[in-house]
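Just so it is clear, the structure is predicted and the values come from calculations on it, not from any experiment. To find a chain, count down the sequence lines: A is the first, B the second, and so on, and within it residues start at 1.
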There are 2 protein chains.
Amino acid sequence: MAGVTLKTVAKAVGVSPSTVSNAYNKPDQLSTALRDRILAAAHELGYAGPDASARALRSGKAGAIGVLFTDKLSYAFSDPFAVGFLAGLAEVAEEFRTSLLLMPVGTEDTADSSTAVQQAAIDAAAIFCVPYGHPALDILAARGLPAAATDPDNYTDSWVAIDEVAAAMSLGEHLTRLGHRDIVVLVEGAGAAGTGPVEMRLDEVLSGNPTQRLEGLQKAMPEARIRLVSGGHNAFNSGVAGASWVLDSQDRPTAIVGLSDVQALGAMEAMRVRGLVPGRDLTVTGFDDIPAAEQAGLTTIHQPIGEKGRVLGRLLLDPATTERQVLLPTELVVRASSGPAPKR
Amino acid sequence: MAGVTLKTVAKAVGVSPSTVSNAYNKPDQLSTALRDRILAAAHELGYAGPDASARALRSGKAGAIGVLFTDKLSYAFSDPFAVGFLAGLAEVAEEFRTSLLLMPVGTEDTADSSTAVQQAAIDAAAIFCVPYGHPALDILAARGLPAAATDPDNYTDSWVAIDEVAAAMSLGEHLTRLGHRDIVVLVEGAGAAGTGPVEMRLDEVLSGNPTQRLEGLQKAMPEARIRLVSGGHNAFNSGVAGASWVLDSQDRPTAIVGLSDVQALGAMEAMRVRGLVPGRDLTVTGFDDIPAAEQAGLTTIHQPIGEKGRVLGRLLLDPATTERQVLLPTELVVRASSGPAPKR
DNA sequence: TCGTTCTTCTAAATCGATCTAGAAAAACGA
DNA sequence: TCGTTTTTCTAGATCGATTTAGAAGAACGA
């Protein structure tokens with residue numbers, strides 16, 4: 001069973017290894033009769049076709065693109081935004097007969113993160129929300145693989161993104177129009193588990209999307225008091241925790257802005273538990289417009305999540321795509337969760 | 001930049017290729033001084049470390065496990081059950097420093113499905129809800145890779161599953177107790193897109209989970225009239241479509257049983273649109289207990305979704321795991337969507 | 001001082017295919 | 001019939017590393 005290679009088959013049939021290889025890869029390079037004979041012999045010997053690693057080595061094509069995540073891989077699947085993005089990417093990958101290799105790169109640890117990125121047999125890499133300066137990016141760069149990112153501030157010049165600042169501004173303007181002058185922003189915190197929600201300073205916020213979204217908010221609400229609170233990493237529960245902490249404090253804002261929809265949905269849940277109605281008692285807004293946002297009636301910034309994945313896929317796989325940098329449109333979607341600030 | 005290999009580095013430093021290889025893989029096989037010199041030279045030359053394909057070929061380890069899906073890859077991400085399973089699998093994969101290679105295998109087309117399964121450089125395969133007899137499984141078998149499945153009736157003797165029949169029976173008994181004698185089961189249909197919902201015969205239902213769940217239902221409800229309806233593949237929209245068709249028909253059942261939660265949730269949506277209240281006007285039940293089921297108040301069969309992935313991961317990666325076949329527990333979770341059948 | 005054991009390093013084989021260049025045979029045109 | 005093209009097949013180099021067995025030198029104990 002084991003140890004059956006091209007050579008074994010070649011010897012059995014009485015042809016050269018090259019011919020057997022051709023039987024699999026270039027059917028028009030040999031007569032049909034011989035090809036059938038080879039395939040039959042291969043089947044009989046239990047030969048499963050050319051070895052993947054060997055083929056990858058020789059031909060230089062791995063038939064897979066890697067997807068880099070900062071977070072643990074398990075988070076990736078719990079985050080609807082990531083899931084939507086992956087679905088889009090997968091669609092294009094399928095089209096090009098390419099598999100998707102998911103690679104967690106850890107948050108900061110160089111030694112660990114390197115292994116996956118270094119050892120992976122891939123043709124190209126999709127960089128999904130990995131902050132600038134992450135060690136894995138250097139490793140990737142060293143490999144010289146084509147890469148495309150979901151942020152313009154990444155090391156590669158291929159990316160698909162949205163205008164985060166402008167999007168956040170339109171949200172900020174919406175809040176301003178509604179009269180909000182005192183808001184709390186739920187951000188993703190570095191905070192270790194168990195420490196509970198904490199108030200953060202602007203400079204503590206990691207780079208990437210969050211910073212730009214904050215920047216946009218501040219620009220659009222220059223007169224507002226903006227506080228930052230983190231309930232943990234980017235997840236529903238963190239939103240619940242962060243918002244609960246805010247709601248139970250002596251100093252409630254008039255609006256809670258989740259920097260992602262999942263956090264905002266968590267905030268809505270925290271309100272529900274306390275008998276508060278989003279949009280009436282307190283305004284809650286999100287970011288991204290994941291499917292659940294619509295059902296929950298969450299005011300948020302819509303961005304074409306699946307399309308982001310699809311465009312990135314084409315950036316990596318489709319030679320016909322000449323554009324290297326794609327900016328997708330966003331739109332403020334006003335739903336029931338936002339309402340006028342109560343008079344003071 | 002390109003063409004920098006182990007040899008290049010070796011020549012530059014003036015050592016043998018083996019030594020450079022050891023510098024990366026067996027640091028204790030050479031002096032620290034030399035190792036540093038090698039690594040420095042490598043960095044300077046822009047060498048990104050041992051080539052993944054070559055390493056995989058020589059050492060026989062790809063550092064990845066493949067995940068086989070029947071459906072299109074993009075569906076995998078839209079299905080909460082799949083997502084939960086993947087999250088669990090990913091957790092274990094991470095632990096073992098292994099990446100996940102997602103491989104769609106198409107529904108039936110041999111030629112197409114083979115490519116991914118054949119070309120993938122993987123150490124083992126996770127077979128996720130791929131029906132028995134699927135051509136990709138034969139290809140996989142021929143490769144002689146370790147494999148584990150989410151169904152006991154698959155070709156490999158490693159699997160993690162639930163007792164589908166028993167689980168379905170407990171659901172059937174629940175419905176019987178509530179007085180239901182006329183039910184419609186929403187099944188996944190082969191139906192091409194655009195054909196609209198159709199009534200199906202039992203023998204038209206594909207093998208695997210669905211058949212067993214139906215079997216359990218029938219066993220527990222011998223006197224009931226059980227009809228099968230398909231609104232398409234396994235998705236929310238299909239549930240909406242199938243249920244709408246049923247609700248608008250002249251011959252409404254007293255209960256709609258989704259063979260998966262997403263279908264059941266679709267059915268609830270179809271009811272909502274029509275002003276019907278699940279549990280009062282009509283009973284709706286699901287299967288799997290995905291997160292959304294709890295929020296929606298859906299009566300369903302709970303199964304440990306994430307754990308299923310974790311166990312499968314250990315089956316494939318953890319040499320310490322001796323068990324080959326794991327049966328996970330299930331539980332009927334009664335929520336608001338099921339209620340007594342109206343008196344006739 | 002001499003054999004013995006470590007440590008450090010290397011030569012050459014090997015993993016399993018694909019590719020290039022070209023030979024042998026068959027088909028073709030005039 | 002003879003050169004020319006096309007079809008069919010092959011030899012041998014090559015992709016880039018890892019591995020095995022062992023050499024050279026250093027350290028060690030008695």
Side-chain angles (χ1 to χ4, degrees), chain A residues 1-39 41-42 45-63 118-123 142-145, chain B residues 1-39 41-42 45-63 118-123 142-145:
Chain A
M1 180 82 191
V4 189
T5 72
L6 257 195
K7 238 185 220 168
T8 322
V9 178
K11 204 161 287 174
V13 184
V15 295
S16 84
S18 318
T19 305
V20 180
S21 173
N22 285 335
Y24 282 96
N25 302 307
K26 302 182 179 161
D28 52 336
Q29 292 286 311
L30 71 175
S31 64
T32 330
L34 180 56
R35 174 154 195 266
D36 290 347
R37 208 146 55 83
I38 290 176
L39 262 32
L45 290 166
Y47 179 67
D51 176 86
S53 306
R55 172 208 293 264
L57 170 59
R58 182 63 241 233
S59 65
K61 292 282 141 215
Q118 250 178 6
Q119 303 208 3
I122 50 175
D123 298 323
R143 287 186 63 173
L145 291 170
Chain B
M1 181 82 192
V4 189
T5 73
L6 259 194
K7 238 185 220 168
T8 323
V9 178
K11 204 161 285 174
V13 183
V15 294
S16 83
S18 321
T19 305
V20 179
S21 173
N22 284 334
Y24 282 96
N25 303 307
K26 302 181 180 164
D28 53 335
Q29 294 284 312
L30 72 174
S31 63
T32 330
L34 181 57
R35 174 154 195 263
D36 290 347
R37 208 146 56 84
I38 291 176
L39 260 34
L45 290 167
Y47 178 67
D51 176 85
S53 306
R55 174 209 291 264
L57 169 59
R58 180 64 242 233
S59 65
K61 292 282 140 214
Q118 249 177 8
Q119 303 208 3
I122 50 175
D123 298 321
R143 285 186 65 173
L145 291 170

[X] side-chain proximity, nearest of [options]:
X	options	answer
B/Thr19	C/dC9, D/dG16, D/dT14	C/dC9
A/Leu6	C/dA17, D/dT10, C/dA11	C/dA17
B/Ser31	C/dG16, C/dT8, C/dT10	C/dT8
B/Tyr47	D/dT19, C/dC9, D/dA17	D/dA17
B/Thr5	D/dA17, C/dA17, D/dG12	D/dA17

* **Heavy-atom closest contact (B/Ala62 atom, B/Ala121 atom, distance)** =>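 Closest approach of B/Ala62 to B/Ala121, heavy atoms only: CB-O, 3.3 Å.
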
Looking only at side-chain N and O atoms, does [X] come under 4.0 Å of OP1 or OP2 in [N]?
X	N	result
B/Ser21	D/dT18	yes
B/Ser16	C/dT10	yes
A/Lys26	C/dT18	no
A/Asn22	D/dC9	no

Nearest-Å distance, [atom1] ([X]) to [atom2] ([N])?
X	N	atom1	atom2	answer
A/Leu30	C/dA23	CG	P	21 Å
A/Gln119	D/dG16	CD	P	18 Å
B/Asn25	C/dC9	CG	P	16 Å
B/Arg35	C/dT8	CZ	P	13 Å
B/Gln29	D/dA21	CD	P	14 Å
B/Lys7	C/dA12	NZ	P	12 Å
A/Asp28	D/dT6	CG	P	15 Å
B/Asp51	D/dA17	CG	P	5 Å

Are side-chain heavy atoms of [X] and [Y] found at a separation under 4.5 Å?
X	Y	value
A/Val9	A/Leu45	yes
B/Leu30	B/Val15	no
B/Leu57	A/Asp51	yes

Could a donor-acceptor pair under 3.5 angstrom be found where the side chain of [X] meets the base of [N]?
X	N	value
A/Arg55	C/dT18	no
B/Ser59	D/dA17	no
B/Ser53	D/dC15	no

* Asked: Just checking A/Val15: base, sugar-phosphate only, or nothing, at a heavy-atom cut-off of under 4.0 Å?
  ->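 The answer is sugar-phosphate, as A/Val15 gets under 4.0 Å only of primed atoms, P, OP1 or OP2.
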
* Asked: Looking for any heavy atom pair under 4.0 Å, which part of the strands does A/Leu57 touch: base, sugar-phosphate only, or nothing?
  ->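 Base contact - A/Leu57 has a heavy atom under 4.0 Å of at least one base atom.
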
* Position toward the 5' end of DNA chain C (nearest nucleotide), B/Ser18 or A/Pro50 ->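 Mapping each residue to its closest nucleotide by heavy atoms, the 5'-most match is B/Ser18.
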
* If you pin B/Thr32 and B/Ala54 to their nearest nucleotides in DNA chain C, which one's is more 5'? ->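 Final value for this comparison: B/Thr32.
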
* To do: With side chain to side chain contact (heavy atoms under 4.5 Å, CB included) as the test, would you mind laying out the steps for B/Thr19 and B/Val13 before giving the verdict?
  => CA-CA 10 Å; B/Thr19 305; B/Val13 183; over 6 Å; no

* Asked: Between the main-chain N or O of A/Pro17 and the side-chain N or O of A/Ser21, is there a donor-acceptor pair closer than 3.5 Å?
  ->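 No.
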
